[in-house]
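Here's the structure we're looking at; comments come further down.
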Protein chains: 2
Amino acid sequence: MTRRVTIADIAAAAGVSKGAVSYALNGRPGVSAATRAKILAIAAEMGFVPNRAARSLSVSSAQAVGIALRRSARTLGIEPYFMELISGIEATLSAGSFGLTLQIVDTVEEELEVYRRWWAERRVDGVLMCDVGTEDRRLDFVADLGLPAVAVGGPIEGARLPAVWHDDAEPCREILGYLHALGHRRIARVAGFAHLLHTGIRDNAYAETAAGLGLESMETFHSDYTGEQGARITRRLLSSAGRPTAVIYDNDVMAVAGLGVAHELGIDVPGRLSIVAWDDSPLCRLTHPALTSLTRDISAYGSQCAEALLSVIGAEPDADRTFSVQCLPAQLSPRASTGPARA
Amino acid sequence: MTRRVTIADIAAAAGVSKGAVSYALNGRPGVSAATRAKILAIAAEMGFVPNRAARSLSVSSAQAVGIALRRSARTLGIEPYFMELISGIEATLSAGSFGLTLQIVDTVEEELEVYRRWWAERRVDGVLMCDVGTEDRRLDFVADLGLPAVAVGGPIEGARLPAVWHDDAEPCREILGYLHALGHRRIARVAGFAHLLHTGIRDNAYAETAAGLGLESMETFHSDYTGEQGARITRRLLSSAGRPTAVIYDNDVMAVAGLGVAHELGIDVPGRLSIVAWDDSPLCRLTHPALTSLTRDISAYGSQCAEALLSVIGAEPDADRTFSVQCLPAQLSPRASTGPARA
DNA sequence: GAACTCGGCTGAACCGGTTCACCGCCGCCG
DNA sequence: CGGCGGCGGTGAACCGGTTCAGCCGAGTTC
């Protein structure tokens with residue numbers, strides 16, 4: 001285990017000062033082309049890698065961003081969404097040689113505390129916040145802290161920080177239009193957490209569109225995104241009088257669970273029940289019948305979030321942080337789980 | 001955005017030297033109880049949080065561990081395994097106030113490079129290595145580097161680093177014994193990557209047990225863990241003459257895909273086909289019929305891996321790093337997807 | 001030829017902790 | 001009363017980078 005190579009070693013080997021080495025390695029003016037080339041060559045030869053802590057201490061930046069996820073291990077594990085998002089984020093970050101620090105928390109208080117600590121320690125240069133809620137304490141908290149942050153979701157009214165989002169209303173209209181065209185008039189929806197921003201946006205969009213189309217019924221049931229709750233709600237829905245002919249799920253996991261319940265009750269899909277899933281993970285193509293679902297490129301979404309965060313981090317501290325990035329809306333991918341409503 | 005509080009500020013406020021503050025905050029001898037209490041009170045009042053970079057620079061430790069995952073975004077997203085593992089790791093790490101740095105890579109070369117860089121930069125104090133292979137270059141690489149590491153999987157012969165693992169052979173025997181008791185004689189298995197260590201261990205265990213039980217056939221097909229391949233292999237299996245009466249899958253995703261194919265082909269489960277999944281995620285309970293699967297506490301497994309790594313990090317550099325931790329083997333959870341073989 | 005500019009480089013301060021050598025003081029012992 | 005040991009604390013060096021004031025010498029200007 002040989003000692004690490006430092007810029008002092010390089011300086012000694014090249015016969016110059018530490019300062020010159022620093023300028024050369026960082027591509028700044030202050031050294032001639034010849035000296036720069038010599039220093040770079042020596043550095044490469046000695047296998048120099050700068051010490052992150054030393055650099056951070058000087059420039060007061062961590063070259064890392066953080067994500068605190070407030071979801072149970074079970075939800076996290078089974079929802080493909082987060083891993084895909086993270087992998088997109090990661091791709092952009094590592095291209096900019098930023099690291100990703102991950103923490104899983106239980107409560108909002110804990111999450112706020114993590115942000116506070118990360119920022120005070122300068123462990124991260126910024127954070128991405130998922131699961132934006134309608135009344136989200138975190139938004140003001142990080143803004144007050146001065147911690148660069150980007151909200152993964154939106155749009156957020158009166159936001160003091162950037163949001164990266166896609167229009168959730170448009171896909172709602174697309175789904176209902178599609179189901180309506182197939183003759184469905186009694187539609188139910190198994191939604192996610194009621195307090196999440198995008199859930200509210202979808203709630204409204206469905207309600208308005210349903211009214212416009214003159215649907216017989218369009219009820220929404222909020223859940224926690226788990227398969228268990230998805231199954232329970234579906235079971236209740238399908239056992240009721242005047243049961244819906246189509247059910248829309250706010251994530252893929254619940255849709256799969258719903259399909260399982262339909263099988264269990266001997267209800268043919270799509271013969272007597274159509275199923276639509278929001279968020280098209282590979283999971284939706286594994287079932288039989290394959291699930292009609294809303295496709296969006298979550299990984300690309302993650303990349304855009306990371307890009308937005310990097311731009312905030314790179315910007316002046318007092319720069320405008322209220323911009324928002326709108327991504328492409330999700331697109332309907334019709335598959336075998338939807339069909340005409342039985343007369 | 002007020003300036004950060006440093007120990008110099010505290011020292012000034014308390015009328016002592018920086019050194020005294022450091023001793024007081026770190027609970028070391030060198031200051032009297034009274035002074036210590038005063039310093040701690042002032043630190044708390046001023047909201048002091050130590051700068052991570054400065055501490056790292058001094059003590060030459062990052063207070064963070066890294067994981068580089070070499071799986072495609074799609075596999076990562078859909079396999080609950082990794083997120084559960086990570087959440088277990090996280091729980092132990094944050095209890096020890098260590099951070100977790102995550103990176104997703106494409107190739108082994110890239111992964112090795114990440115380890116090299118992380119260690120050279122002192123960005124992490126150690127790493128966890130998943131997906132241990134039979135011939136794994138990474139093991140020697142990190143050992144040569146001197147980078148503290150723990151292999152998530154094993155046992156590894158002639159290992160130069162600790163491994164945390166569970167016996168994969170025992171569950172194999174349990175599954176085959178169970179299926180055999182149900183009358184199954186033609187069993188197939190859809191396995192994971194052939195180059196992974198645990199795949200090989202299972203391969204052998206199945207082969208030996210099958211021979212012992214005198215099964216008619218026990219074929220293994222290797223795959224990449226994705227639902228697509230699981231489905232494709234299952235389709236081929238079920239269309240063949242002398243098709244198996246039971247199929248064992250090496251992960252839950254492929255098992256779900258296999259169940260979908262059975263539905264598609266109109267083959268009743270468990271009437272004409274029994275299905276067993278390795279790794280019991282909530283996914284296995286969402287399908288209909290629910291999948292018989294091998295349950296293990298992946299989150300707890302992650303915790304044990306993290307603990308092992310922390311102990312290696314805390315140990316002397318020349319301490320013995322070849323210990324291995326054996327966890328509880330997975331347990332069979334029979335559900336509705338398995339039943340007696342049709343005569 | 002004196003004054004002035006400017007590129008190239010040096011030396012030292014600095015970031016915010018940790019650590020170590022050392023010092024003053026008090027009590028105790030012979 | 002002199003010497004000794006140990007407690008409580010100080011001051012400075014140190015970790016490995018970045019950055020800035022300033023210096024030197026060559027070229028330009030008048």
Side-chain angles (χ1 to χ4, degrees), chain A residues 1-40 42-43 46-64 97 117-123 125, chain B residues 1-40 42-43 46-64 97 117-123 125:
Chain A
M1 198 142 44
T2 59
R3 215 177 59 71
R4 292 175 33 75
V5 179
T6 72
I7 59 166
D9 301 332
I10 298 177
V16 295
S17 69
K18 275 170 58 181
V21 175
S22 178
Y23 291 138
L25 292 175
N26 293 306
R28 309 166 153 267
V31 286
S32 68
T35 316
R36 181 185 308 273
K38 179 172 162 199
I39 291 174
L40 289 178
I42 292 178
M46 297 176 87
F48 171 75
V49 181
N51 180 315
R52 200 57 85 147
R55 174 179 244 134
S56 294
L57 186 55
S58 289
V59 302
S60 175
S61 99
Q63 290 283 302
S97 78
R117 189 164 42 74
W118 273 351
W119 187 230
E121 287 181 344
R122 286 294 184 277
R123 177 152 232 166
D125 296 319
Chain B
M1 199 139 49
T2 59
R3 216 177 57 72
R4 290 177 34 77
V5 178
T6 72
I7 58 167
D9 301 330
I10 299 177
V16 295
S17 69
K18 275 171 58 181
V21 175
S22 179
Y23 290 137
L25 292 175
N26 293 307
R28 306 167 156 269
V31 285
S32 67
T35 317
R36 182 185 306 274
K38 180 173 161 197
I39 291 174
L40 289 179
I42 292 177
M46 297 177 87
F48 172 75
V49 181
N51 180 315
R52 200 59 85 145
R55 172 177 246 136
S56 295
L57 185 56
S58 289
V59 302
S60 182
S61 99
Q63 290 282 302
S97 78
R117 190 162 42 75
W118 273 351
W119 186 231
E121 288 182 343
R122 285 295 185 276
R123 177 153 231 164
D125 297 318

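To find a chain, count down the sequence lines: A is the first, B the second, and so on, and within it residues start at 1.
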Nearest-nucleotide check on DNA chain D, B:S17 vs A:N51; residue mapping nearer the 5' end is B:S17
Compare every heavy atom of [Y] with every heavy atom of [X], then report the nearest pair and how far apart it is.
| X | Y | answer |
| --- | --- | --- |
| B:R123 | A:A62 | NH2-O, 3.2 Å |
| B:F48 | B:T6 | CE1-C, 3.9 Å |
| A:V5 | A:D9 | CA-OD2, 3.4 Å |
| B:R28 | B:R36 | O-NH2, 2.7 Å |

Check each residue of residues 28-39 of chain B for a non-hydrogen atom within less than 4.0 Å of any atom in DNA chain C, then write out the ones that pass by number, or none.
->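 Per residue number, the list reads B:R28.
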Side-chain polar contacts of residues 11-24 of chain A - donor-acceptor pairs under 3.5 angstrom, sequence neighbours left out - could you list them?
unit_1	atom_1	unit_2	atom_2	d
A:S17	OG	A:A20	N	3.3
A:S22	OG	A:N26	ND2	3.4

Gap separating the [atom1] atom of [X] from the [atom2] atom of [Y], nearest 0.5 angstrom:
| X | Y | atom1 | atom2 | value |
| --- | --- | --- | --- | --- |
| B:W119 | B:D125 | CH2 | CG | 6.5 Å |
| B:I10 | B:I42 | CD1 | CD1 | 8.0 Å |
| A:N51 | B:S60 | CG | OG | 7.0 Å |
| B:R55 | A:L57 | CZ | CG | 13.5 Å |
| A:Q63 | A:R122 | CD | CZ | 14.0 Å |

Does the B:S56 side chain pair with the main chain of B:S61, one donor and one acceptor, at a distance under 3.5 Å?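 Checking the backbone N and O of B:S61 against the side chain of B:S56, a donor-acceptor pair under 3.5 Å is found.
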With five pairs defining each end axis, the helix from C:dG1-D:dC30 to C:dG30-D:dC1 comes out bent, to 10°, by 60°
Residues in residues 52-64 of chain B with a heavy atom under 4.0 Å of DNA chain D, by number, are B:L57, B:S58
Mind checking which nucleotides bracket the chain A contacts on DNA chain D, 5' to 3', with an atom under 4.0 Å from a heavy atom?
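Listing 5' to 3', DNA chain D meets chain A from D:dG16 to D:dC20.
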ask   = Contact class for A:V16 (heavy atom, under 4.0 Å): base, sugar-phosphate, or nothing?
value =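 Here A:V16 touches the backbone only, sparing every base.
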Between the protein and nucleotides 21-23 of chain C, which nitrogen or oxygen pairs come in under 3.5 angstrom?
none

